[in-house]
*Asks:* 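One structure coming up, written as structure tokens, with questions to follow.
Predicted, not measured: the structure shown is a model, and the values here were computed from it. Hydrogens, waters and symmetry mates are skipped; everything else that's a heavy atom, side chains included, is used.
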2 protein chains.
Amino acid sequence: MKDTGGGDKVVSLKGLKVACRACSLVQLCLPVGVSREDVERLDAIIRRRRPLRRGEYLYRAGDRFHAVHVVRSGSVKSCAPTDEGHEQVTGFHLPGELVGLDAIHVGEHRCGAVALETTSVCEVPFGQLETLSAQVPGLQQQLHRLMSREVLRDHEHLLMLGKKGAEERLATFLVSVSNSFQERGYSPTEFRLSMSRGDIGNYLGLAVETVSRLFTRLQTLGCIEVERKLIRIADPERLRALAGVRPCEPVAQPRHGNGS
Amino acid sequence: MKDTGGGDKVVSLKGLKVACRACSLVQLCLPVGVSREDVERLDAIIRRRRPLRRGEYLYRAGDRFHAVHVVRSGSVKSCAPTDEGHEQVTGFHLPGELVGLDAIHVGEHRCGAVALETTSVCEVPFGQLETLSAQVPGLQQQLHRLMSREVLRDHEHLLMLGKKGAEERLATFLVSVSNSFQERGYSPTEFRLSMSRGDIGNYLGLAVETVSRLFTRLQTLGCIEVERKLIRIADPERLRALAGVRPCEPVAQPRHGNGS
DNA sequence: CGCTGCTTTGAACAACTTCAACTTCTGTGG
DNA sequence: CCACAGAAGTTGAAGTTGTTCAAAGCAGCG
């Protein structure tokens, strides 16, 4: 029914109207393990929103929860507000990731989500997603895997804040970003950080100044090359070592197949 | 000795064989919002395990994941191992709580779970739970809510480790424990902590010595009375204030944060 | 061109950790 | 029942690590 192949009648909408099956993220997103026909059904409930510009909120803490969002392009941070007006950045989200999963419990967002750059997202009404996932076992499983992954990540983050020193934290962060880019088919050794030093510091539980100093220190050590937001990882092994990861095991493997 | 009803033949199993409908935790656990008949179906897939003694593992990091567990009585901690052999306590779990949700993603436990005292749990084979929850909307929703709550809690924990000072952390911890006990119908002002100071310190990202000093300081301040593992909260308001919570709102209330 | 906001750098300071010694509790076996 | 050993908890003093404060350097933008 949909025409993704030839006729570009409405050029301006093409960017928004990519069907799930035509989306480059099918491998990371909800459709994993879902049959072609069922992806169409999923497709039918998804709403594509207009792209957000840097700094715009996807939703704010306190907003009623009605849908989960998937980052399609760009990137997003989520922040949990403190009572005192501070914020904790709880995560950065790259294309293919679900955001807003913490809101299901109370039916209201407890974290805000902000675009770090021009970003487009898919909106998936959660009630409909639940209904559909009850009918499509593969979708149900993938939804559960993604929710579980969120928990898993938070635990890794917790471990970082609870047990690691400053240098170890930044190194871990960079390794993890590098892995994320690799998963998405980009260079794992050269990338642009969309978030500010402030965001990184907040995420890592460090002062901005500390983050800045660490960047220069890692550069001095020859692990990385920094130019503003551009990062080149010069010595991945070394960086991994600083991150406190044993040489053999990558930091966070998303796949379940393994050979140990 | 409770008598659950009619003809139970094997007395020694009676303690283990409390049906969901007769369980005091129905209000907190999976059956929330599930009809009487459907609870029976849930009941049918649940396996009650023999009680664990203090220090016994429910499962270990690396174990294959096949079921989620619900704490029925006692308490459990989960710990994420570091590569260096350290551990981060990621949570304490009281009756009615699901443990093992982080394992769904990779099909393998990444955290271990240890009984903090004599503890009994229900084992819910996850495959069957998924199948059933596809047929019982209420169950599906509750499962999602519980998974989401896990995320939410981790975010609060993250905020604590990222933004709060030592005193604030311990105060927050105590307030949260107090709330948990209250939810379960116990006294919110007088309770026994089943975990060691070491566990608390680990959980809060603090050294044992710091935790110990803080307990004495809070006692000196008149907020609490400490006697070994027994805690009496003498001044709940004060404690809440130290935890960094505004007087009017209990520890986890919706708030409209403002962007910065 | 001169804002404004982000980043970097230096120096003093504070918070928490580490080390070390000591006390109290718990459980075990004589 | 008591004694003893090991674990857990407490307390003090010294030591680190990262924070805070202050100021200067840079990029983007109207």
*Asks:* Determine yes or no for a side-chain-to-main-chain donor-acceptor pair under 3.5 angstrom, with A/Y59 supplying the side chain and A/G100 the backbone.
*Replies:*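 Yes: the side chain of A/Y59 pairs with the backbone of A/G100.
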*Asks:* Working to the nearest 0.5 angstrom, can you tell me the gap between A/H157 NE2 and A/F173 CZ?
*Replies:*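 These two atoms lie 9.5 Å from each other.
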*Asks:* Quick one: B/M195 CE to D/dG9 C1', roughly how many Å, whole number?
*Replies:*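 One finds 16 Å between C1' of D/dG9 and CE of B/M195, rounded.
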*Asks:* Take the protein atom NZ of B/K229 and the nucleotide atom P of D/dA7, then report the distance between them rounded to whole Å.
*Replies:*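 Distance, rounded to whole Å: 15 Å.
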*Asks:* Rounded to the Å, how far apart are B/N202 CG and D/dA8 C1'?
*Replies:*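 After rounding, the gap between these two atoms is 15 Å.
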*Asks:* Please report the distance, rounded to the nearest Å, between CG in A/L230 and P in D/dA27.
*Replies:*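 Value for this atom pair: 14 Å.
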*Asks:* Could you tell me the separation between the CG atom of B/L116 and the P atom of D/dA8, rounded to a whole number of Å?
*Replies:*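 B/L116 atom CG is separated from D/dA8 atom P by 12 Å.
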*Asks:* Sugar-phosphate means primed atoms, P, OP1 and OP2; the rest is base. With that split, encode nucleotides 8-15 of chain C 5' to 3' as B, S or - using protein heavy atoms under 4.0 Å.
*Replies:* BBBB----
*Asks:* Any side-chain to backbone donor/acceptor pair from B/R72 onto B/C122? Under 3.5 Å, distance only.
*Replies:*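 Such a contact is absent between B/R72 side chain and B/C122 backbone.
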*Asks:* When rounded to the nearest 0.5 angstrom, what distance separates CG in B/L159 from NE2 in A/H86?
*Replies:*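 Answer for the CG-NE2 pair, B/L159 versus A/H86, is 10.0 Å.
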*Asks:* What contact category does B/G205 fall into here, base, sugar-phosphate, or nothing, at under 4.0 angstrom with non-hydrogen atoms?
*Replies:*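 Here B/G205 touches the backbone only, sparing every base.
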*Asks:* May I have the list of side-chain donor-acceptor pairs in residues 199-210 of chain A shorter than 3.5 Å, sequence neighbours left out?
*Replies:*
residue	atom	partner	partner atom	Å
A/D199	OD1	A/K77	NZ	2.8
A/D199	OD2	A/S196	OG	3.4
A/N202	OD1	A/V89	N	2.8
A/N202	OD1	B/K163	NZ	3.1
A/N202	ND2	A/E87	O	2.8

*Asks:* To the nearest Å, give me how far apart CG (B/L193) and C1' (D/dG9) are.
*Replies:*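 To the nearest whole Å, that distance equals 14 Å.
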*Asks:* Tell me which pairs pass salt bridge (Lys or Arg N to Asp or Glu O under 4.0 Å) where either residue lies in residues 113-123 of chain A, with sequence neighbours left out.
*Replies:*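 Salt bridge (Lys or Arg N to Asp or Glu O under 4.0 Å) check on residues 113-123 of chain A returns A/R47-A/E123, A/R49-A/E123, A/E117-A/R192.
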*Asks:* Which atoms of nucleotides 4-6 of chain D (N or O only) lie under 3.5 Å from a protein N or O atom, and what are those distances?
*Replies:*
none

*Asks:* Tell me, please, which residues at least two apart from A/L239 pass side-chain contact (heavy atoms from CB on, under 4.5 Å).
*Replies:*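 Result, side-chain contact (heavy atoms from CB on, under 4.5 Å) vs A/L239: A/A171, A/L174, A/V175, A/L218, A/C223, A/I224, A/I233.
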*Asks:* Could you tell me whether the side chains of A/H93 and A/S75 share a donor-acceptor contact shorter than 3.5 Å?
*Replies:*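 Distance-only check fails for A/H93 and A/S75.
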*Asks:* Between B/R217 (CZ) and C/dC16 (C1'), how many Å, whole number?
*Replies:*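 After rounding, the gap between these two atoms is 10 Å.
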*Asks:* Rounded to the nearest Å, what distance is computed from the CD1 atom of residue B/I231 to the C1' atom of nucleotide D/dG9?
*Replies:*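 Nearest whole value for this atom pair: 13 Å.
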*Asks:* Could you name each residue pair satisfying salt bridge (Lys or Arg N to Asp or Glu O under 4.0 Å) that touches residues 215-229 of chain A, not counting sequence neighbours?
*Replies:*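 Sorted result for residues 215-229 of chain A: A/E167-A/R217, A/E225-A/R232.
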